[in-house]
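Just below is one structure, and these are the notes that go with it.
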Amino acid sequence: MENPFHGKRILITGGLGLIGSNLARRLVEQGAGVLLLDSLIPEYGGNLFNIAGIEERVQVNISDVRDEHSMRYLVQRQDYLFNLAGQTSHMDSMQDPYTDLEINCRAQLSILEACRKYNPQVKVVFASTRQIYGKPDYLPVREDHLLRPVDVNGINKMAGEWYHILYSNVFGISACALRLTNTYGPRMRIKDARQTFLGVWIRLVVEGKPFEVWEGQQLRDFTYVDDAVEALMAAALSDQARGRVFNLGGDRVISLKDLADLVIEVNAGGHYVQRSFPAERKRIDIGDYYADDSCIRSTLGWRPRVSLREGLSHTLAYYQEHLPHYL
Ligand SMILES: NC(=O)c1ccc[n+]([C@@H]2O[C@H](COP(=O)([O-])OP(=O)(O)OC[C@H]3O[C@@H](n4cnc5c(N)ncnc54)[C@H](O)[C@@H]3O)[C@@H](O)[C@H]2O)c1
């Protein structure tokens with residue numbers, strides 16, 4: 001059967017990060033022409049090793065989505081834009097709110113302006129986040145839940161998301177957004193907890209050191225990166241996704257303590273210590289969260305296919321093999 005991405009030109013912003021690089025692998029396999037844009041700012045998730053093995057089959061442009069001149073040029077002639085570049089640390093957004101504003105909000109508007117002026121035919125999928133809901137009023141959280149972010153990152157991602165929807169509604173650019181929950185897998189940043197706390201857990205467990213679980217009763221859902229990639233591709237291809245937002249969830253809901261136990265079980269070893277939340281983290285914690293993702297399931301036919309146990313097993317195996325590239 002003809003592959004819909006075969007021969008298509010695809011730009012992935014944040015293409016050297018966790019989700020972008022795994023998406024690039026899938027698209028290259030399918031015969032797409034892939035251009036990865038990434039700033040490789042050391043505190044963020046980009047890593048050239050993430051494209052090991054496909055480096056000859058993708059184009060890489062080390063630039064910054066805040067650079068309007070680069071964006072104006074790079075969006076041209078693309079069929080699809082997966083817009084994944086982002087500052088992901090909630091704590092960093094509280095300590096340096098302006099950088100988060102520039103990347104997650106202002107640059108998003110200028111990317112869309114570049115599309116409007118130079119490539120209005122492009123189909124855009126934006127990586128939004130469950131963080132924009134803030135502390136949930138009910139569970140599981142549906143897309144129509146009040147948006148009440150608890151940190152600067154959440155506010156800027158919310159604005160970035162809504163610029164996409166507005167440009168779709170008003171200017172006819174085909175854009176949609178996926179509200180991702182904790183997404184994990186091979187090629188995530190594990191150096192520290194800037195991308196996800198699970199990253200630093202994985203690093204420490206692979207290094208044979210104890211990791212910290214803060215409290216532990218909080219409920220969460222997790223999407224394995226391959227499932228997130230499937231959702232992004234399905235959203236790009238569907239006319240029904242246009243102008244819409246969709247939650248992504250995982251195969252199960254789990255407390256952080258049970259997750260820690262599962263990591264250790266899958267790794268066949270390791271230990272952790274439980275402690276209370278550091279005060280500055282507690283202030284921006286969202287408590288329990290898990291998504292109602294029935295909307296994307298019914299509209300796009302997506303569902304998570306990789307179980308948490310299986311996903312953790314792939315992830316641990318990857319970092320056992322490649323740890324030095326991620327330190
Ligand atoms: N992983 C998750 O749990 C999760 C959850 C919710 C939302 N998201 C969103 O998904 C997107 C991709 O996240 P990820 O998990 O792959 O994280 P990631 O940090 O691995 O990828 C983001 C990439 O964007 C790049 N980047 C950052 N600022 C940039 C800039 N100014 N110009 C160009 N590139 C820049 C980084 O270098 C990195 O490679 C992000 O927008 C993030 O907010 C991720």
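Both counts, for ligands and for their atoms, begin at 1 and track the order of listing. Owing to the predicted nature of the structure, the values given are computational and were not obtained by experimental measurement. Sequential numbering from 1 along the given sequence is applied to the chain's residues.
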Got the closest protein heavy atom to [atom], with its distance?
atom: atom 3 (O) of ligand 1; result: T183 N, 2.8 Å
atom: atom 11 (C) of ligand 1; result: L84 O, 3.1 Å
atom: atom 5 (C) of ligand 1; result: T181 O, 3.3 Å
atom: atom 16 (O) of ligand 1; result: I19 N, 2.8 Å
atom: atom 32 (N) of ligand 1; result: V65 N, 2.9 Å
atom: atom 8 (N) of ligand 1; result: L180 CD1, 3.8 Å
atom: atom 37 (O) of ligand 1; result: D38 OD1, 2.5 Å
atom: atom 26 (N) of ligand 1; result: S39 OG, 3.7 Å

Proximal atoms of ligand 1 relative to [X] (non-hydrogen, under 4.0 Å):
X: G45; result: 18 (P), 19 (O), 20 (O), 38 (C), 39 (O)
X: S128; result: 6 (C), 7 (C)
X: S63; result: 32 (N), 33 (C)
X: N182; result: 3 (O)
X: G46; result: 36 (C), 37 (O), 38 (C), 39 (O)
X: T88; result: 17 (O), 19 (O), 42 (C), 43 (O)

Going by distance only, is there an N or O of [X] that falls short of 3.5 Å from an N or O of ligand 1?
X: D64; result: yes
X: L37; result: no
X: I41; result: no

contact_flag [X] ligand 1 heavy-atom lt 4.0 Å:
X: L16; answer: yes
X: Q195; answer: yes
X: G15; answer: no

Original post:
Quick check: are there more than 12 heavy atoms from other residues, nucleotides or ligands sitting under 6.0 Å from CG of D239?
Top reply: no
Looking only at the side chains, is there a donor atom on one of [X] and [Y] sitting less than 3.5 Å from an acceptor on the other?
X: N3; Y: Q30; value: yes
X: Y289; Y: N182; value: no
X: S93; Y: D151; value: no
X: H164; Y: N83; value: yes
X: N22; Y: R187; value: yes

Original post:
Side chain, backbone, both or neither: which part of I103 comes within less than 4.0 Å of ligand 1 when only heavy atoms are counted?
Top reply: side chain
Original post:
Under a 4.0 Å heavy-atom limit, does K157 contact ligand 1 with its side chain, its backbone, both, or neither?
Top reply: side chain
Subject >> From V34, L27, D79, residue fulfilling side chain to side chain contact (heavy atoms under 4.5 Å, CB included) relative to K8 >> reply: D79
Subject >> With Q131, the side chain to side chain contact (heavy atoms under 4.5 Å, CB included) member among R179, K157, H90 >> reply: H90
Subject >> Heavy-atom donor-acceptor pair, Q76 side chain to R72 backbone, under 3.5 Å >> reply: yes
Original post:
Between V152 and P97, what is the shortest heavy-atom contact and its length?
Top reply: CG1-CB, 3.9 Å
**OP:** Check N247 against D292 and note the closest heavy-atom contact, atom names and distance.
**Re:** ND2-O, 3.2 Å
Subject >> Under the ring pair (Phe, Tyr, Trp, His ring centres under 6.0 Å) test, residues paired with H271 that sit two or more places apart >> reply: none
Original post:
Centre of Y44's six-membered ring, under 6.0 Å away, within 45 degrees of the axis: is that where NZ or CZ of R194 sits?
Top reply: no
Original post:
Relative to atom 9 (C) of ligand 1, which among G199, A127, P42 owns the nearest non-hydrogen atom?
Top reply: A127
Original post:
With D285, which residues qualify under salt bridge (Lys or Arg N to Asp or Glu O under 4.0 Å), at least two apart?
Top reply: R220
